[in-house]
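These notes concern the structure reproduced below.
Order of listing sets the numbers, starting from 1, for every ligand and every atom in it.
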Amino acid sequence: MSDAYIALADGRVLEARARAPGRTRGELVFTTAYTGYEESLTDPSYAEQILTFSYPLIGNYGVRTERFESESVQPRAAIARELTDDVADWLAGEGVPAVDHVDTREIVTTVREEGAMACGIAAGPDATPEDAVDEMEACKPMSDHVDIGAQVSVAEPTVHEGGGDVDVALLDCGAKGSIISSLTDRGADVHVLPYDATPEDVAAVEPDVLFVSNGPGDPENFVAAQNVVDEFAGELPLAGICLGQQVITSALGGSTEKMAFGHRGVNQPVKDLRTDKVVMTTQNHGYTVDDTGPLEVTQVNVNDDTVEGLDSEELDVITRQYHPEANPGPHDSLGFFDEVLDLASSSRRVAAD
Ligand SMILES: NC(=O)CC[C@H](N)C(=O)O
């Protein structure tokens with residue numbers, strides 16, 4: 001007999017095996033990444049989502065905190081074909097429900113066909129299908145999580161010293177740790193500011209560049225970050241990753257839209273339109289830039305032509321929809337951080353004059 005149930009918004013209830021008990025709800029998404037489960041499970045951009053792994057075995061090389069992208073597990077639950085004890089014990093210890101022994105191929109094809117959807121999970125000895133359905137029915141659309149930034153951002157400003165000359169103000173909308181370390185490794189001092197920092201808070205750290213991080217949920221809900229970008233556009237170089245690209249674009253007059261099921265994986269091909277070169281990238285997003293406003297499209301996704309990179313020489317802006325910090329994932333695009341720091345030291349501004 002099953003001891004776990006997954007209720008989908010299309011009315012189906014799937015039976016599974018409980019690996020970490022509990023009841024929860026969230027937006028059902030999937031990643032095709034075959035490694036990097038520790039990084040994915042600690043990526044704050046997965047807040048309020050239920051993460052399905054399409055790769056059938058998750059946990060085969062253990063669980064090490066060095067690979068975490070934040071201090072806690074971020075999705076509300078995990079689903080896999082088979083979870084090892086290492087991962088199941090970790091999730092149980094964190095109070096995050098986990099289930100396996102389910103046909104994840106069916107879940108993935110359902111999400112591909114019907115889009116990311118509300119989902120409820122009930123796992124453990126007393127779980128019933130009705131519990132999972134109750135959870136699913138209480139699941140809010142992602143855009144209704146208007147203050148999701150508060151769940152994932154630092155409460156107080158913190159500084160990470162890289163020992164160099166460049167000061168980066170990083171608006172932490174749910175930043176992955178390796179975005180910060182990619183900057184400090186290159187000598188930048190990173191001033192991490194809460195997602196709702198004011199323009200005064202940003203000015204107080206005297207930054208050379210304003211960097212908007214990745215983060216969960218609907219970018220249109222990050223109103224404070226958009227205000228900060230609006231305030232400094234044209235005054236300070238701007239850089240962003242994922243939600244950061246979306247927030248910067250919206251603040252400059254463009255717009256974003258929700259995708260059917262998004263991009264989550266470590267083999268998304270991205271073409272640079274200036275060099276015609278294609279690189280493999282790590283991705284995790286459910287929204288995309290629709291109208292780019294004053295920004296020029298420099299990179300596109302080879303699979304579906306969505307916007308992957310934006311640039312403005314005039315406004316000193318450089319953004320990426322994918323994750324150049326590459327944790328997990330191929331390291332093809334790490335050079336983005338060098339470009340950001342070059343921008344900060346004004347070399348591009350001089351060159352553009
Ligand atoms: N990784 C991210 O920053 C994700 C951005 C946004 N929450 C999206 O899903 O599109």
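- Every atom of ligand 1 is numbered from 1 in the order shown, and the set under 4.0 Å from a heavy atom of Asn214 is 1 (N), 2 (C), 3 (O).
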### Message
Before you tell me yes or no, could you show the steps for Asn60 and Tyr37 under side-chain hydrogen bond (donor to acceptor under 3.5 Å, both in side chains), namely the whole-Å CA-CA distance, both residues' side-chain angles and the distance that decides it to 0.1 Å?
### Response
CA-CA 10 Å; Asn60 51 326; Tyr37 48 87; 4.6 Å; no
### Message
Show, in sequence, the C-alpha distance, side-chain angles and deciding distance for Glu135 and Arg76, and conclude whether the salt bridge (charged side-chain N to carboxylate O under 4.0 Å, His left out) test is met.
### Response
CA-CA 12 Å; Glu135 290 289 339; Arg76 295 191 69 122; over 6 Å; no
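- In terms of protein heavy-atom proximity, atom 2 (C) of ligand 1 is nearest to Cys242 SG, 2.8 Å.
- Polar contact with ligand 1: present for Leu243 (N/O pair, distance under 3.5 Å).
- The aromatic rings of Phe68 and Trp90 lie parallel to each other, with less than 30° between the two planes, well short of the 60° mark.
- Between Glu82 and Arg17 there is a salt bridge, since a side-chain N of the basic residue sits under 4.0 Å from a carboxylate O of the acidic one.
- Note: an N/O pair closer than 3.5 Å links Gln246 and ligand 1 by distance alone.
- Using a 4.0 Å cutoff on heavy atoms, Met259 does not count as a contact of ligand 1.
- Between the choices Gly215, Ser45, Gly174, the shortest heavy-atom distance to atom 5 (C) of ligand 1 belongs to Gly215.
- In summary, the atoms of ligand 1 found under 4.0 Å from a heavy atom of Pro216, numbered by their order in the structure, are 7 (N).
- Under a 4.0 angstrom heavy-atom cut-off, Gly217 registers as being in contact with ligand 1.
- The N/O atoms of His323, backbone and side chain alike, include one that comes under 3.5 Å of an N/O atom in ligand 1.
- You'll find the side chain of Pro207 reaches within 4.5 Å of the side chain of Val202, heavy atoms only.
- Within the 4.0 Å heavy-atom cutoff, Lys176 does not count among the residues contacting ligand 1.
- Remark: minimum distance from atom 9 (O) of ligand 1 to any protein heavy atom is reached at Gly286 N, 2.8 Å.
- Ionic pairing of Asp103 and Arg105 is not present here: no N-O contact between side-chain nitrogen and carboxylate oxygen is shorter than 4.0 angstrom.
- For Asn284, a nitrogen or oxygen atom sits less than 3.5 Å from a nitrogen or oxygen atom of ligand 1, counting backbone and side chain alike.
- Taking 4.5 Å as the limit, some side-chain heavy atom of Gln245 sits within range of a side-chain heavy atom of Val307.
- Of the protein's non-hydrogen atoms, the one nearest atom 10 (O) of ligand 1 is Tyr287 N, 2.8 Å.
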### Message
Does Thr110 form a side chain to side chain contact (heavy atoms under 4.5 Å, CB included) with Arg12? I'd like the steps, not just the answer.
### Response
CA-CA 11 Å; Thr110 299; Arg12 274 181 298 159; 2.9 Å; yes
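- Note on ring orientation: taking the six-membered ring where Trp is involved, the planes of Phe261 and Phe30 are parallel (angle under 30°, cut-offs 30° and 60°).
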